[in-house]
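Computed from heavy atoms alone, side chains included, the values below leave out hydrogens, waters and symmetry copies. In the text below, chain A, chain B and the rest are named by the order of the sequence lines, each starting its count at 1. Keep in mind it's a predicted model, so treat the numbers as computed, not measured.
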Number of protein chains: 2
Amino acid sequence: MAEKVTIATVAAHAQVSRQTVSNVLNSPHIVREETRRRVEEAIAALGYRANQAARQMRTGRSHLLAVRIEPTRDGINGSVLDRFLHGLTFAAAAAGYRVMLYTADGDGDEIKTFDDLLASYDLDGFVLTGTDHGDVRTFWLAERDVPFVTFGRPWDAPERHSWVDVDNADGTAQATRRLIETGHRRIAFIGWPAGSGVGDDRRDGWQRTMKAYDLDPAGLDRGASDSIPNGAECARDLLTMPDAPTAFVCASDSLALGALQAAGGRKAVTGFDDTPVAQAVGLTSVSQPLPEAAARCIDLLIHHLDGSPTGTHQVLLQPSLVVRTTA
Amino acid sequence: MAEKVTIATVAAHAQVSRQTVSNVLNSPHIVREETRRRVEEAIAALGYRANQAARQMRTGRSHLLAVRIEPTRDGINGSVLDRFLHGLTFAAAAAGYRVMLYTADGDGDEIKTFDDLLASYDLDGFVLTGTDHGDVRTFWLAERDVPFVTFGRPWDAPERHSWVDVDNADGTAQATRRLIETGHRRIAFIGWPAGSGVGDDRRDGWQRTMKAYDLDPAGLDRGASDSIPNGAECARDLLTMPDAPTAFVCASDSLALGALQAAGGRKAVTGFDDTPVAQAVGLTSVSQPLPEAAARCIDLLIHHLDGSPTGTHQVLLQPSLVVRTTA
DNA sequence: CTTTCGACTTTGAACGTTCAAGACCGTGGA
DNA sequence: TCCACGGTCTTGAACGTTCAAAGTCGAAAG
């Protein structure tokens, strides 16, 4: 059908050389006004679009970013990634970049994939989600000067690399404050076992808020791995206390759902992540600004790519409490 | 750090020409056994990986596939796409392809994106999800001989292009059969308004099964757009009937959740899609084999790319009923 | 002994772009 | 008048790969 339109086609049509067309695209200021207009008209008339592969060969820049897509971890929280991905793709497109997906089985496999993607496709950068303590992946990438941004901060050394994160403590603080303001005094926290950065942060938010209101959090704290049954068990355990809690702040919607089941709907419960499940059952939950987080990730990444490679940058976003029927 | 390893590096190391290395990679059979081994050793020793951009320039094949990522439609069903995407990425990687994401606002915008992706990145093919009746996108792609596969069949002309789909009717049939076998006789269907291929198909499965067991489906059928409140309203409406239903087969987990709320847990309910919400609340639901569907999409697409371009192929997969506490 | 053939390998060119360097041209200072 | 200069544009080369065509060599055929 349409013959392939290359820079040469445009050049011929506008009566200039290849390089001038290239200049119009990449350094418009060095081209004379009138020439530039003529070339731009030719580009529009012919529907020319630069071939990325050829450009990449010369410049070494692919305009491709990679993100890992994980096999829906626990079913409930999976859709967080979904929304984040959409935001990334959208923001990347606006900046002239495209998002490529990859899968991996564990960190070791992921590093092998990094290597492969970099060698084969010359990827410009990575967005990592779900970073661990002392994440090997970040060291591998940093060592090779591969630009990357993580969604989730490195808890051991906040300034080691650029990241975007949501203020988890503020999320549970908001939830706790809301419960206190609606009259609750005995407010329990159901979270994950101590040791995970995110989990500890969410616990902190609850604890600090309790203390700020002169409420004693002692004994009202439980930890278990993320699942509905575990949430239910923790809640049941808390309810057998002498001075049993009247409300539960939970570190995830899964745990919250368990608490909700155990409490039979008679207690106030808040979750975290505002997953579709929360929307479905009317669970009050802390919502992360995912589209904005994604956009900031792209911002930071592109800043690394285009701008000065000086230093790292951090962005901390505030979550918001979505109040529904359970609190 | 590591100097760039090109085909020339490998050639020098193995004492052969560039072309021989290329042949080892692309047509090993025309290279002498011993030479091939030597080249392969050099490749391994140097960690060589073909540069896709350069390869693409010569061959016109990018080894890139594109999928649209949508802004989580209704919140509940969103995660279906998530799981499908993971399957696609995984299957594509196994076949030497990578998956690129794009977003679009409506079909018109999507076509503009097609154009852009094809011109800029030389995409090899597309996977489309959620096709409508007489989908403009499929015509546009077919007209330009761009390989594509849809997940979801074209209801007006099943053989117009290649597709992979799940047998929706079989899903609701399984659900209905299960309810009948557990003693229910008055089984209602809550679906979408007539006119959508998928929705009609799901209704058919229920209706046919009812008739197969000599049960009269008349009057037991409701339609509303997908949401929890709508599901609840349909269920309430059905429950006011003289000979009220004891069970509800629903076309989605959202509707099922509504029915569940309206029926107060006293009636049997089945949903569709086995979303995280269903898992969370114990809803019996029809599960689509998403990883397999994704793999088959990739199969078909690659068959179009590598093999003979003769004709189209169709794959219909069977869903399975995940029995939980609600039925 | 020469020719032909086949198996294998190499060479030059090309894909579409941008970099580096050079060419052109009119202006202004010496 | 001549030259240097800055602004503008053009030319050749290169990125890493594969295609097309040509080269090499030993063995079989004439």
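In terms of the side chain to side chain donor-acceptor pair (under 3.5 Å) criterion, E159(A) has no residue partners (sequence neighbours excluded). Qualifying side-chain contact (heavy atoms from CB on, under 4.5 Å) partners for R36(A), counting only residues two or more places apart in sequence or in other chains: V24(A), P28(A), V31(A), E33(A), E40(A). By the salt bridge (Lys or Arg N to Asp or Glu O under 4.0 Å) test, R160(B) pairs with D156(B), sequence neighbours left out. S196(B) meets the side-chain contact (heavy atoms from CB on, under 4.5 Å) test with W192(B); sequence neighbours excluded. Taking A91(B) as the reference, A295(B), I298(B) meet the side-chain contact (heavy atoms from CB on, under 4.5 Å) condition, with sequence neighbours excluded. Partners of A293(B) according to the side-chain contact (heavy atoms from CB on, under 4.5 Å) rule, which considers only residues two or more places apart in sequence or in another chain, are F84(B), F151(B), V164(B), L317(B).
Sorted by first then second residue, the ring pair (Phe, Tyr, Trp, His ring centres under 6.0 Å) pairs that include residues 93-126 of chain B, not counting sequence neighbours, are H63(B)-Y97(B), F114(B)-F126(B), F114(B)-W140(B). Identified under the ring pair (Phe, Tyr, Trp, His ring centres under 6.0 Å) test for residues 6-28 of chain A, with sequence neighbours left out: none.
Within residues 46-60 of chain B, the residues having any heavy atom closer than 4.0 Å to DNA chain C are, in order of number, M57(B), R58(B). Against DNA chain C, the stretch residues 14-27 of chain A makes heavy-atom approaches under 4.0 Å through R18(A), Q19(A), S22(A), N26(A).
Around the CZ atom of F90(B), the shell of radius 6.0 Å holds no more than 12 heavy atoms that belong to other residues, nucleotides or ligands.
A nucleotide of DNA chain C counts as in contact with chain B when one of its atoms lies under 4.0 Å from a heavy atom; the first and last such, 5' to 3', are dC8(C) to dG16(C).
For T103(B) and H86(A), the side-chain atoms include no donor-acceptor pair closer than 3.5 Å.
Annotation: the terminal axes of the helix from dC1(C)-dG30(D) to dA30(C)-dT1(D) meet at 70°, where each axis is the rotation carrying the C1' atoms of four end pairs onto the next four (5 pairs per end, rounded to 10°).
Remark: R98(B) engages D116(A) in a salt bridge, criterion side-chain N to carboxylate O under 4.0 Å. Salt bridge annotation for D115(B)-K112(B): absent, with no cationic side-chain nitrogen under 4.0 angstrom from a carboxylate oxygen.
Distance CD1 (I30(B)) to P (dA20(D)): 13 Å, rounded to an integer number of Å.
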